[in-house]
Amino acid sequence: METIKKGTCSALKIRIPSPTIHGIEGRPLVLPVHYDSYVSASEIQIIWLFERHQTPAMFLLSSINHSVVSDLEFQHKFTLQPPNASLLIYSLHLRDEGNYTVKVNIKGNTTISYTQKIDVIVHVPVSKPTISIQPPHEVVEYIGNITFHCAVEKGTRVTYVWLRDGKPLESSPSYNFYQNGTFLIDSVMKTDIGNYTCLAKNYVSQMESDVITPTIYYGPYGLTVSSDKGLKVGEVFTVDIGESIQFDCSADSNPPNTFSWIQRTQNSTEIINYGPYFKILSDKVGQKTVDYMCRAYNNITGKRDETQFTVIYASTDPQKLEQNGNTYPLAAITGISLFIILSMCLLFVWKKYHYRLFRARPWKIQHNRPSQEYRRTQIFSGHEDAMNDFGIYEFVTLPDPYVPHRVPSSKSVSVSNASHAQDTSCTVYEVIQHVPEQQHDNREE
């Protein structure tokens, strides 16, 4: 800062860095003053005065040219190096705080003078602050309040800044800050959990306290159920049949929750396990779909939370699913094949039985053959002599003697045989086979 004495031709200029200078207790302090004169001077006089708050001004020292005269009371406390007008204070004390006035007189043809004041503030560096907390025990969310107090053993003009997790806190409806270093949290919440520190500082120093972490009881919040196996879609778990699975129930809470596992049916609920873990074997579960519920309870806050989930026992392995998908067409093919084979076997048995029952021994047709000879014909079941299988076969149906006779018409029957229709009723089929001539001769012989 430059101060200029506006007099005749602005012949004197005085400059000071600042109207207020801060110093530290126990350390020296210089009050710098610079002046410029634009006239020839025969004598230069510098005078320093000191004035405490609400006390009269006191003379400290003065100089004329290079000669310095000090007040005997302060001769070991202040010094001056003329023609430099700056004042040196050897060691600051709190009582040295106040207003210092410098006056410069320059004598030439006329005397020019100027006066400037400097305010000196003495600071004591702050010591490391300490934090106290009330209540000293734990508090419950939405019920309790917390009061922090920060204090230092040494320090002047101390201001306090509260930090949580290294970040300064700002005023809010639940945060109240006081100039004496007190900080009040009204109706604590879970979000107030953290590491609190107090930063004590003044113009010349700052120190931060150790961390203090209040204990806040809260929860449960964010109750979830997870598993070590299976597929999860929403609140539905799909588990491989025959595979064991462990469910984990967790929630954000302080102190830790107590957990209970409940199986739900249509008409009732049953507690089946306690603790954060629950393990089941799917092959021991009769139902394919089972509903469960996990319940979390905080015995300090008195709050609880519940979450429901469903477990479906089915194959989730893609290879198993593919094998199962291929089983259905394979089973169908196998079933159809077995049905065809069985049908063919039954048809074969039926034909064989029918053939044995109705097959008669072949007879060569002879004219005027009596019906009694037909009745004496023996029935054979197989081919006794293959050489005798050649010839003309005749199938005859013998009538019931109690049923009226009916004469069939057939082109293959001769007129001479029509007289026998009264005794027998038959149907004749002609089957002509080639008979080797030699074999035919042998049969006639």
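Only this structure's heavy atoms are used, side chains among them; waters, hydrogens and symmetry mates stay out.
- Of the possible polar contacts, one joining the Thr159 side chain to the Lys201 backbone as a donor-acceptor pair under 3.5 Å is found.
- Side-chain N/O atoms of Thr197 and Glu208 include a donor and acceptor closer than 3.5 Å.
- Checked against the 6.0 Å centroid threshold, Tyr35 and Tyr114 do not count as a close aromatic pair.
- Of the possible donor and acceptor atoms, none in the side chain of Ser70 sits under 3.5 Å from a partner among the backbone N and O of Leu61.
- Looking only at side-chain heavy atoms (C-beta outward), Asn105 and Ile47 come within less than 4.5 Å of each other.
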Begin from the C-alpha positions of Val236 and Ile312 and carry the test side chain to side chain contact (heavy atoms under 4.5 Å, CB included) through to its verdict. CA-CA 7 Å; Val236 178; Ile312 300 176; 3.7 Å; yes
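- Using a 4.5 Å heavy-atom cutoff, the side chains of Ile121 and Tyr203 are not in contact.
- Judged by distance alone, the side chains of Tyr221 and Asp305 never bring a donor and an acceptor atom under 3.5 Å apart.
- A distance of 8.5 Å separates SG in Cys150 from CG in Leu199, rounded to the nearest 0.5 Å.
- In this structure, Asn254 contributes its side chain and Ile216 its backbone to a donor-acceptor pair below 3.5 Å.
- Two residues are said to be in side-chain contact when any heavy atoms from C-beta on lie closer than 4.5 Å; Arg95 and Val122 fail this criterion.
- Phe148 is not listed as a side-chain neighbour of Ser132, based on a closest heavy-atom distance of 4.5 Å or more.
- Atom-to-atom distance recorded for Asn195:CG and Asp210:CG is 11.5 Å, nearest 0.5 angstrom.
- Distance NZ/Lys190 to OH/Tyr142: 10.0 Å, rounded to 0.5 Å.
- Remark: aromatic rings of Phe278 and Tyr292 are close, center separation under 6.0 Å.
- In this structure the side chain of Asn257 never reaches within 4.5 angstrom of the side chain of Tyr297, judged on heavy atoms.
- Tyr175 and Asp192 form a side-chain donor-acceptor contact under 3.5 Å, judged by distance and modelled atom types alone.
- In terms of modelled atom types and a separation under 3.5 Å, the side chain of Ser253 and the main chain of Pro255 share a donor-acceptor contact.
- At distances below 3.5 Å, at least one donor-acceptor pair connects side-chain atoms of Asp228 with backbone N or O atoms of Gln246.
- Judged by distance alone, with hydrogens and angles left aside, the side-chain atoms of Asp71 form a donor-acceptor pair with the main-chain N or O of Glu73 at under 3.5 Å.
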Verdict with supporting geometry, Ser113 and Lys103, side chain to side chain contact (heavy atoms under 4.5 Å, CB included): CA-CA 7 Å; Ser113 64; Lys103 183 179 180 181; 4.2 Å; yes
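- Contact detail for Val139 and Gly144: the closest heavy-atom pair is CB-CA, 4.3 Å.
- Between Val225 and Cys294, the shortest heavy-atom distance links the atoms CG2-CB, 4.0 Å.
- Pro32 has its side chain within reach of Ile21: a pair of non-hydrogen atoms, C-beta onward, lies under 4.5 Å apart.
- To the nearest 0.5 angstrom, Leu49 atom CG is 9.5 Å from Ser62 atom OG.
- In terms of modelled atom types and a separation under 3.5 Å, the side chain of Trp48 and the main chain of Ala85 share a donor-acceptor contact.
- Inspection of the Asp291 and Thr310 side chains reveals an N or O donor paired with an N or O acceptor under 3.5 Å.
- Residues Ala251 and Pro220 come closest through the heavy atom pair CB-CB, 4.0 Å.
- Thr147 has its side chain out of reach of Tyr178: every pair of non-hydrogen atoms, C-beta onward, lies at least 4.5 Å apart.
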Could you please spell out the steps behind the side chain to side chain contact (heavy atoms under 4.5 Å, CB included) verdict for Leu31 and Phe78? CA-CA 11 Å; Leu31 304 183; Phe78 303 97; over 6 Å; no
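- Under 4.0 Å is where a charged nitrogen must lie from a carboxylate oxygen, and between Arg157 and Glu97 at least one such pair does.
- More than 12 heavy atoms of other shown residues, nucleotides or ligands fall within 6.0 angstrom of atom CG in Asn180.
- Between Phe237 and Phe247, the distance from one ring center to the other falls under 6.0 angstrom.
- The backbone N or O of Gly219 sits less than 3.5 Å from a side-chain atom of Thr301, completing a donor-acceptor pair.
- Of the possible polar contacts, none joining the Lys77 side chain to the Ile89 backbone as a donor-acceptor pair under 3.5 Å is found.
- Side-chain atoms of Thr156 come within 3.5 Å of backbone atoms of Val124 as a donor-acceptor pair (strictly under, hydrogens ignored).
- What you find for Cys198 and Tyr160 is that their closest heavy atoms are SG-CD2, 3.6 Å.
- Within the 4.5 Å cutoff, no side-chain heavy atoms of Leu87 are placed close to those of Val33.
- The heavy-atom pair separating Gly23 from Leu92 by the smallest distance is CA-CD1, 3.6 Å.
- Distance check: Thr182 OG1 to Phe177 CZ gives 11.5 Å after rounding to the nearest 0.5 Å.
- When all heavy atoms of Pro214 and Ile133 are compared, the closest pair comes out as CB-CD1, 3.8 Å.
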Steps toward side chain to side chain contact (heavy atoms under 4.5 Å, CB included) verdict (Gln45, Glu43): CA-CA 7 Å; Gln45 184 181 30; Glu43 291 182 358; over 6 Å; no
